[in-house]
Amino acid sequence: MADRERDAVSGTETTGHEWDGVKELDTPPPRWWLYIFYACILAAIIYWVLMPAWPIGNGYTKGVLGFSDRNNVAADVSNLRSARAPMYERLAAASTAEIAADPALQEFARAAGESVFGDYCRTCHGAGGAGAPGYPVLADDVWIWGGSLADIEHTLRVGIRSGHPEARNSMMPAFGRDGLLTPQQVGDVTEHVISISAARTRLDPNGASAARGATIYQEQCAACHGPSGAGDRTLGAPSLNDDLWLYGGSRTEIRRQIELGRGGVMPAWESRFDAGTLRALAYYVHEMGGGEPDAIPVPATTETIAPEPAQNGQATAPLN
């Protein structure tokens, strides 16, 4: 093999490649670089032996150490659940008054509820419970089915129109779509609903139309929404007196709701969450919206009324 040309300045052999008079030098890499390169190769071989590395068909080489990120994460989650289990049990067994008197339990319920809400509820109800058309706002103090901790927890447990045996169920008829009212009657009821709501100041209802709609409202709507439009939580019938609308508060949206009778579905979370998780989520939602206080239980009385004095020799039985 013929000797290769050497560079006159550096004394390094050239590769024989030349471009526009510039010749390529055959400069070897530094030894320190070679040592690092060989060490990397050795480390890779050791890693392939010890750790999961090569795909094989439907599996992979397990490595002699048997390391698994999946198993480690599952173990960490299991350990975390075990560590939190006592607090969840305390929360599930606590009454509203007991939670209110226990700052540590409140802090736990708030943090756990926020985590669950972010994973399962935020998609529909929005960040911070801001809501969206068809999905109720949870950050206000307006509740269709009741805003106490017990009411919220029950709604979470059984859902709304979810198919659960105890689900919250309500039905708004489609007065227009199903031909229960004529288009003109739907329009008149729309004007009446606007007239009894706080939206009247911005939508300026037609007086004559609202007057005609009042009669239809009493015949068709008052049974659920009440004669004055105050609503009925036992039926899931929202109040019509405020200016808060689940599907939109424009005249068009209010009329569309009367025409179509829309109603959404909320899942029943009873089969997904344990009692402690449900209580934590209910507590978080309750705090988020300035929830209402639970009803104060009425203590059972054991007092008996003293018998009246006997008359004509006959004793009078006590009134229990």
Donor-acceptor pair, side chain of [X] and main chain of [Y], under 3.5 angstrom:
X	Y	answer
Asp242	Leu244	yes
Thr155	Asp151	yes
Arg279	Ala94	yes
Asn241	Ile196	yes
Arg6	Gly11	yes
Glu191	Asn206	yes
His225	Ala230	no
Asn72	Arg70	no

Looking at [X] and [Y], what are the two nearest heavy atoms and their distance?
X	Y	result
Pro29	Leu34	CG-CD2, 3.8 Å
Tyr217	Gly226	OH-O, 2.7 Å
Trp143	Leu138	CH2-O, 4.2 Å
Leu105	Arg90	CD1-CB, 4.2 Å
Met266	Leu156	CE-CD2, 3.4 Å
Gly113	Leu281	O-CD1, 3.8 Å

Between atom [atom1] of [X] and atom [atom2] of [Y], what is the distance when rounded to the nearest 0.5 Å?
X	Y	atom1	atom2	value
Arg84	Glu89	CZ	CD	14.5 Å
Ile194	Ser197	CD1	OG	6.5 Å
Leu91	Asp102	CG	CG	9.5 Å
Gln257	Thr252	CD	OG1	13.5 Å
Leu25	Thr14	CG	OG1	7.5 Å
Lys62	Ile56	NZ	CD1	9.0 Å

Can you say whether the rings of Phe273 and Trp269 are parallel (under 30°), tilted (30 to 60°) or perpendicular (over 60°)?
parallel
Yes or no on salt bridge (charged side-chain N to carboxylate O under 4.0 Å, His left out) for Arg262 and Glu253, after CA distance, side-chain angles and deciding distance?
CA-CA 11 Å; Arg262 294 171 294 187; Glu253 290 295 345; 3.4 Å; yes
Hey, mind stepping through Glu259 and Arg177 against salt bridge (charged side-chain N to carboxylate O under 4.0 Å, His left out) and telling me if it holds?
CA-CA 6 Å; Glu259 288 178 327; Arg177 184 190 63 202; over 6 Å; no
Residue pair Arg212 / Ile216, side-chain heavy-atom distance below 4.5 Å:
no
Can you tell if the side chain of Lys23 reaches within under 4.5 Å of the side chain of Glu5, non-hydrogen atoms only?
yes
In terms of heavy-atom contacts, does CZ of Arg202 have more than 12 from other residues, nucleotides or ligands at under 6.0 Å?
yes
So for atom OH, which belongs to Tyr247, do other residues, nucleotides or ligands contribute more than 12 heavy atoms lying within a distance under 6.0 Å?
yes
Under 3.5 Å, is there a donor-acceptor pair between the [X] and [Y] side chains?
X	Y	result
Arg168	Ser162	no
Ser82	Asn79	no
Thr15	Glu24	yes

Is it true that Tyr60 and Trp54 fall in one hydrophobic cluster, defined by side-chain heavy atoms closer than 4.5 Å?
no
Within one Ile-Leu-Val-Met-Phe-Trp-Tyr cluster: Val285 and Leu149, side-chain cutoff 4.5 Å:
no
The single option from Leu180, Val189, Thr182 passing side chain to side chain contact (heavy atoms under 4.5 Å, CB included) against Phe175
Leu180
Can Arg200 and Asp243 be counted as an ion pair, charged N to O under 4.0 angstrom?
no
Can you tell whether the side chains of Arg233 and Glu292 come within less than 4.0 Å, N to carboxylate O?
yes
